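Before any comments, here is the structure.
Read the numbers this way: they start at 1 and go in the same order the structure lists the ligands and their atoms. Values reported hereafter were calculated over all heavy atoms of this structure, with side chains retained and with hydrogens, waters and symmetry mates removed. Here the structure is a predicted model, which is why all the values come from computation and not from measurement.
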Amino acid sequence: MDKILIEGGKRLSGAIPVSGAKNSALTLLPCALLTDEPLTLRNLPRLADIDGFQHLMNQFGISTTIAGSRPEDFGRVMTLEATRITSSVAPYELVRKMRASILVLGPMLARMGEATVSLPGGCAIGNRPIDLHLKALEALGAHIELAAGYVRAIAPDSGLPGGRYSFPVVSVGATENALMAAVLATGKSTLHNAAREPEIVDLCNLLVAMGANIEGIGTSELVVHGVSRLHGATYKVMPDRIEAGSYACAAAITGGEVTLMGARFDEMEATVQVLRSAGVIVEQVAGGLHVATDGPLRPLTISTAPYPGFATDMQAQLMALLCKAQGSSVLTETIFENRYMHVPELNRMGAHIETSGRTAIVHGVEKLTGAEVMATDLRASMSLVIAGLAAEGQTQVHRLYHLDRGYERLEEKLALMGAQVERVGGD
Ligand code: EPZ
């Protein structure tokens, strides 16, 4: 398994391109199931999860072709053609590796009238049930069966009628599955307390480009008027606001600066406000954001929340940054029950963090020291890289496959900022 070696203590400075958003791409890809015409997605990030999803789509008989990108380019163009679906089953051996596979349930149900998907296991950050996905699809008229570790959704012979569902908890994935099922329903569907993340807006924009009829885009009340068919489209994936925020923390913890090319200020307001409160300078510049530091980092009290609140996916990265603040910060993780896997590893690097349930107290320290650390989940891994960039000496982050799921060509982007990093194989 690969690991990354980081020589810390260097002030970072440079400009990096922000890649296409992983959490948008993973819901745009299954939209190919909703039409028998070609769907071309541009600005797809080169990530392990995207490769995994491509393989899953091939499993259904969907042809996928990659075009238009040179090795040195960031991002790829993929055309998916679901002319004929030869299987409506997402098997365990694929789903267990990538829980986002559950996002084929809604579109497969809409296209084929039935879908069978292995139940995703939990993951490092929590048990992550899918009960809201299933309740939403039932509300739209699907019959749901659970057997032998699989979930099977079946639509009436007359087609999915559509319906109304009010989410008791804001769920990004369940909103996405419900939307992709509702667009081809025979009637109207109303989703209350729907997720409002920019990735949901990106999904709605693609569906509308394919001919869907959706009202309330960007709000928590979505109304979908089902249509009989959708056509193909060419669509550019939005930039990754979490990747951009991660590199902002990386630059800031070293007392450096970075220009994030392609970052969208209006989709990152909570992150921008939090960084500014911590004493980081964030300015909108032509085509992106500029992040710099001017003086000590200040401690914060912050809770994660659904969009437009501070994103849970930024919590670990912010925590690493706050390890160097002058004072104690209080972080509360309200979305997932076990998203502090990075804490023991950060403490091994000299941080002083105490956790109790969903709250973490981050006591700022003068210095961090490089160490051998273990990545456990995607965002925890990035927080270790961020800490390693500021630590004295060398940090080795093992199990790099966690990072490769969500950060396109990480070491190249860090090198563009002047970091001394090296990926080494096998350990
Ligand atoms: C998406 O996961 C993202 N993943 C996550 O990003 C992100 O952390 C999360 O949304 C929250 O923003 C993708 O988009 C591929 P949820 P998702 O359904 O859809 C509970 C990353 O690091 N819940 O919004 O799985 C759930 O347990 C990843 O890029 C139910 O109880 O998240 C959690 O507590 C990690 N029942 C809360 O809702 C359900 O049926 C929010 O989960 C579904 C969710």
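Surrounding NE2 of His352 are more than 12 heavy atoms belonging to other residues, nucleotides or ligands, all under 6.0 Å away.
Shown in contact with Lys22 at under 4.0 Å from a heavy atom are these atoms of ligand 1, numbered in order with element: 21 (C), 29 (O). Each of the atoms 30 (C), 31 (O), 36 (N), 39 (C), 40 (O) of ligand 1 lies under 4.0 Å from some heavy atom of Asp131. Annotation for ligand 1: atoms under 4.0 Å from non-hydrogen atoms of Gly173 are 18 (O), 19 (O).
Residue Ala174 does not touch ligand 1, judged by heavy-atom distances below 4.0 Å. Both the backbone and the side chain of Ile335 come within contact range of ligand 1, each with a heavy atom under 4.0 Å. Of the heavy atoms in Lys135, none comes closer than 4.0 Å to ligand 1.
The shortest N/O to N/O separation between Val169 and ligand 1 does not fall below 3.5 Å. Considering backbone and side-chain N/O of Leu132, one or more are found under 3.5 Å from N/O of ligand 1. Taking any N or O of Arg339, backbone or side chain, at least one lies under 3.5 Å from an N or O belonging to ligand 1. Here's the thing with Leu378: none of its N/O atoms is less than 3.5 angstrom from an N/O atom of ligand 1. Considering backbone and side-chain atoms together, Leu26 places no N or O closer than 3.5 Å to any N or O of ligand 1. Where the criterion is an N or O separation shorter than 3.5 Å, residue side chain and backbone included, Arg379 meets it with respect to ligand 1. At under 3.5 Å, not a single nitrogen or oxygen of Thr312, backbone or side chain, sits near a nitrogen or oxygen of ligand 1. Between Glu337 and ligand 1, no N or O atom pair is found at a separation short of 3.5 Å.
Of the options Arg379, Lys22, Arg409, Lys413, a salt bridge (charged side-chain N to carboxylate O under 4.0 Å, His left out) to Glu243 is made by Lys413 and by none of the others. Leu403 pairs in a side-chain contact (heavy atoms from CB on, under 4.5 Å) with only one of the listed residues (Glu411, Met382, Arg423), which is Met382. With Val169 as the partner, the side-chain contact (heavy atoms from CB on, under 4.5 Å) test is satisfied by one option alone out of Asp131, Ile335, Leu132: Leu132.
Judged by distance alone, with hydrogens and angles left aside, the side-chain atoms of Asp49 form no donor-acceptor pair with the main-chain N or O of Met98 at under 3.5 Å.
Checked for salt-bridge contact, Asp266 and Arg241 miss the test: no charged N lies under 4.0 Å from a carboxylate O. Ionic pairing of Asp51 and Arg76 is present here: one or more N-O contacts between side-chain nitrogen and carboxylate oxygen are shorter than 4.0 angstrom.
Residue contacts with ligand 1 include Pro129, since one or more of its heavy atoms lies under 4.0 Å from the ligand. Put simply, no part of Arg405 is less than 4.0 Å from ligand 1, judged by heavy atoms.
Of the protein's non-hydrogen atoms, the one nearest atom 25 (O) of ligand 1 is Arg128 NH2, 3.0 Å. The shortest contact between atom 32 (O) of ligand 1 and any protein heavy atom is with Phe336 CZ, 4.0 Å. Considering only non-hydrogen protein atoms, atom 12 (O) of ligand 1 sits nearest to Val172 CG2, 3.9 Å.
Partners of Thr79 under the side chain to side chain contact (heavy atoms under 4.5 Å, CB included) rule, at least two apart in sequence or in another chain, are Pro38, Thr40, Thr65, Glu81.
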Throw together a table of side-chain donor-acceptor distances under 3.5 angstrom for residues 203-211, partners on residues two or more places apart or in other chains.
{"residue": "Asn205", "atom": "ND2", "partner": "Val201", "partner atom": "O", "Å": "3.3"}

